[in-house]
Trainee: 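Dropping a structure here in structure tokens format, bear with me for questions.
These numbers come from the heavy atoms of this one structure, side chains and all, not from hydrogens, waters or symmetry mates. Counting convention: from 1, in listed order, for ligands and their atoms alike.
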Amino acid sequence: GPTGTGTGRLRSLPALPLVGSLLQLAGHPQLHLRLWRLQGRYGSLYGLWMGSHYVVVVNSYQHAREVLLKKGKAFAGRPRTVTTDLLSRGGKDIAFASYGPLWKFQRKLVHAALSMFGEGSVALEKIISREAASLCETLGAAQDMALDMAPELTRAVTNVVCSLCFNSSYRRGDPEFEAMLEYSQGIVDTVAKESLVDIFPWLQIFPNKDLALLKRCLKVRDQLLQQKFTEHKEAFCGDTVRDLMDALLQVRLNAENNSPPEPGLELTDDHLLMTVGDIFGAGVETTTTVLKWAVLYLLHYPEVQKKIQEEMDQKIGLARHPHLSDRPLLPYLEATISEVLRIRPVSPLLIPHVSLADTSIGEYSIPKGARVVINLWSVHHDEKEWDKPEEFNPGRFLDEQGQHIHSPSPSYLPFGAGIRVCLGEVLAKMELFLFLAWVLQRFTLECPQDQPLPSLEGKFGVVLQVQKFRVKARLREAWRGEMVG
Ligand code: HEM
Ligand code: PLO
């Protein structure tokens with residue numbers, strides 16, 4: 001067992017040589033639920049062995065905050081796994097990179113670029129609104145049909161990140177977009193899955209279906225990224241910075257002019273490519289997933305949808321489109337978004353952290369190199385912190401007057417916290433607000449008549465996926481015959 005600096009010794013799942021605790025976890029595809037339920041037997045903080053890796057599972061917000069905030073730096077590492085190494089070319093991105101000066105530098109660059117092109121920029125609101133308008137047009141054309149909204153939601157969100165990263169966008173049916181949909185699904189289905197290859201790297205020599213799929217998908221993604229990169233390099237002159245790709249190229253140009261570059265801060269082509277790949281991938285898959293969950297919950301809770309629409313009718317009316325500046329006017333919509341992020345966290349186990357030194361959690365010693373999994377599902381479904389946690393109730397995020405949103409419990413971390421906190425929180429919230437406001441101002445979303453309500457059960461993976469379902473978008477009464485300009 002592990003030794004460390006703390007006093008107590010953590011309870012661990014029984015482990016066999018070589019396979020570790022795999023047998024207790026095998027056959028449970030919903031890993032977040034399995035780890036949540038194991039609390040009953042082992043307590044909220046316990047250890048287990050994945051092959052030769054010691055893993056600590058955190059299920060309470062107190063310990064989660066200690067790991068992410070109080071001892072953030074001691075737990076700022078990332079594990080290296082076969083699949084994420086393939087995705088990020090050995091951790092040359094941000095999300096799967098180990099803690100170090102280069103990771104810090106990449107984060108700082110992206111943060112600066114996002115605030116320049118994104119957050120708080122009029123241009124971004126315009127881009128999101130343009131995509132929202134196009135989404136509404138498609139919904140209008142498919143009126144009263146049982147529609148799978150997923151491809152259209154994905155295209156809307158993709159075009160926002162595409163504008164940000166590459167200053168480009170996709171039309172409906174664009175073959176490059178179709179290719180992207182396919183490869184991205186393949187990556188989401190396979191990456192970071194604690195498959196046998198990740199536990200025993202030496203098993204790579206054996207054929208593995210998932211690994212082959214991942215490699216095939218990454219080839220397509222890498223070609224696409226490389227093409228954008230080459231186009232940008234050729235067009236880049238250093239004067240105008242059109243997007244994130246240009247911003248990264250400019251930083252490198254400046255660094256080259258001030259040669260020699262600071263040691264440890266050399267941004268290779270791979271670093272630029274993988275960084276954009278992260279933002280593009282995270283930008284698309286997370287926000288789209290939340291929008292799908294939001295639509296699904298609105299089908300299950302029509303009274304919530306009605307309340308959002310009443311609030312909008314009252315505060316905005318029909319004579320104009322919703323704007324970002326309306327956010328304080330629409331607390332119930334904001335509360336609904338918060339509740340979706342609570343009840344179905346996009347990233348139910350965050351991204352695993354790694355301890356960079358011998359340290360402790362609570363009274364327990366944690367050795368250097370331990371993987372720490374924060375189970376956000378447990379944190380968001382803790383009965384001591386949340387009243388009827390499986391109930392979808394946006395009202396819990398509102399004050400008594402229903403005017404302001406606040407979290408009723410500190411047991412809420414949808415974007416993580418601390419030095420590895422999500423880089424896209426502001427952007428994601430802008431998109432979620434505008435897309436939902438535009439759609440619900442105009443349409444009521446319903447379950448097609450002859451069909452049962454689709455399941456609320458998620459599919460565990462690098463993001464908590466929604467099962468495919470169909471929606472009927474009915475133009476609201478007030479909109480029949482009327483149109484705003
Ligand atoms: C990391 C949530 C959208 C970029 C994360 C983490 C979570 C998260 C839980 C892991 C934190 C940790 O490991 O401690 C979400 C949610 C989103 C969202 C719920 C949507 C509602 C986005 C968007 C972008 C983005 C739109 C891109 C602009 C990133 C990056 C990281 C990250 C780059 C890695 C940070 C690091 O390791 O240093 N996100 N995210 N995310 N997110 Fe997001
Ligand atoms: C999504 C599929 C893309 O093709 C590649 C990709 C890049 C970055 C990943 C993202 C995927 C999934 C969600 C991740 C994001 C980095 C941060 C984010 C893991 C795999 C979250 C929610 O933590």
Trainee: Judged on heavy-atom distance to atom 19 (C) of ligand 1, which of Ala428, Gly281, Pro414, Cys165 sits nearest?
Mentor: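 The nearest heavy atom belongs to Pro414.
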Trainee: Could you find the nearest protein heavy atom to atom 6 (C) of ligand 2 and give me its residue, atom name and distance?
Mentor: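 Among all protein heavy atoms, the one nearest atom 6 (C) of ligand 2 is Gly281 CA, 3.8 Å.
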Trainee: Over 60° means perpendicular and under 30° means parallel, so tell me whether His380 and Trp386 are parallel, tilted or perpendicular.
Mentor: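 The arrangement is perpendicular - the two ring planes meet at more than 60°.
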Trainee: Nearest protein heavy atom to atom 38 (O) of ligand 1, by residue and atom, and its distance?
Mentor: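 Heavy-atom neighbour on the protein nearest atom 38 (O) of ligand 1: Arg107 NH1, 2.8 Å.
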Trainee: Going by the closest heavy atom to atom 22 (C) of ligand 1, which one wins out of Leu427, Ile337, Thr286?
Mentor: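 Among Leu427, Ile337, Thr286, the closest heavy atom to atom 22 (C) of ligand 1 comes from Thr286.
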Trainee: Determine whether the side chain, the backbone, both or neither of Val290 has a heavy atom under 4.0 Å from any heavy atom of ligand 1.
Mentor: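 It is the side chain that touches ligand 1; the backbone stays farther off.
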Trainee: For atom 12 (C) of ligand 1, what is the closest protein heavy atom, and at what distance to 0.1 Å?
Mentor: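 Closest protein heavy atom to atom 12 (C) of ligand 1: His353 NE2, 3.4 Å.
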Trainee: Just to confirm my output: which protein heavy-atom neighbour is closest to atom 16 (C) of ligand 2, and how far is it?
Mentor: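 The closest heavy atom on the protein side is Ala95 CB, 3.6 Å.
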Trainee: For a side chain to side chain contact (heavy atoms under 4.5 Å, CB included) with Leu333, tell me which candidate from Lys307, Gln309, Glu311 qualifies.
Mentor: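 When side chain to side chain contact (heavy atoms under 4.5 Å, CB included) is applied between Leu333 and each of Lys307, Gln309, Glu311, only Glu311 qualifies.
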Trainee: What residue and atom, counting heavy atoms only, is the protein's closest point to atom 19 (C) of ligand 2, and at what distance?
Mentor: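 Atom 19 (C) of ligand 2 sits closest to the protein heavy atom Val462 CG2, 3.7 Å.
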Trainee: Where is the nearest protein heavy atom to atom 20 (C) of ligand 2: which residue, which atom, and how far?
Mentor: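 That would be Val191 CG1, 3.9 Å.
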Trainee: Give me the nearest non-hydrogen protein atom to atom 11 (C) of ligand 1 as residue plus atom name, then the distance to 0.1 Å.
Mentor: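 Here the nearest protein heavy atom works out to Arg420 O, 3.3 Å.
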Trainee: Pick out which of Lys228, Arg171, Arg221 makes a salt bridge (charged side-chain N to carboxylate O under 4.0 Å, His left out) with Glu176.
Mentor: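 Exactly one candidate clears the test, Lys228.
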Trainee: Should you measure from each heavy atom of Val188, which atoms of ligand 2 turn up under 4.0 Å away?
Mentor: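 Near Val188, the atoms of ligand 2 are 1 (C), 2 (C).
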Trainee: Nearest non-hydrogen atom to atom 15 (C) of ligand 2 belongs to which of Gly461, Ala282, Pro414, Pro348?
Mentor: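 It is Ala282 that holds the nearest heavy atom.
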Trainee: Would you mind checking which non-hydrogen protein atom is closest to atom 4 (O) of ligand 2, with the distance to 0.1 Å?
Mentor: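 Going atom by atom, the protein heavy atom closest to atom 4 (O) of ligand 2 ends up being Ser184 OG, 3.1 Å.
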Trainee: Once you restrict to heavy atoms under 4.0 Å, what part of Asp278 touches ligand 2? Side chain, backbone, both or neither.
Mentor: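 For Asp278, backbone and side-chain atoms both sit under 4.0 Å from ligand 2.
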Trainee: Among all the protein's non-hydrogen atoms, which is closest to atom 1 (C) of ligand 2, and how far away is it?
Mentor: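 Here the nearest protein heavy atom works out to Glu285 CG, 3.4 Å.
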Trainee: Pick, from Thr84, Leu218, Ile187, Ile351, the option with the minimum heavy-atom distance to atom 23 (O) of ligand 2.
Mentor: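 Heavy atom nearest to atom 23 (O) of ligand 2 belongs to Ile351.
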Trainee: Can you report which non-hydrogen protein atom sits closest to atom 9 (C) of ligand 1, along with the distance?
Mentor: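 Heavy-atom neighbour on the protein nearest atom 9 (C) of ligand 1: Leu350 CD2, 3.4 Å.
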Trainee: In terms of residue, atom name and distance, what is the protein heavy atom nearest to atom 42 (N) of ligand 1?
Mentor: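 Checked against all protein heavy atoms, atom 42 (N) of ligand 1 sits closest to Cys422 SG, 3.3 Å.
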Trainee: What protein heavy atom is closest to atom 21 (C) of ligand 2, reported as residue, atom name and distance in Å?
Mentor: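 The closest heavy atom on the protein side is Ser347 OG, 4.2 Å.
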Trainee: How far is atom 13 (C) of ligand 2 from the closest protein heavy atom, and which atom is that?
Mentor: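 That would be Val463 CG1, 3.8 Å.
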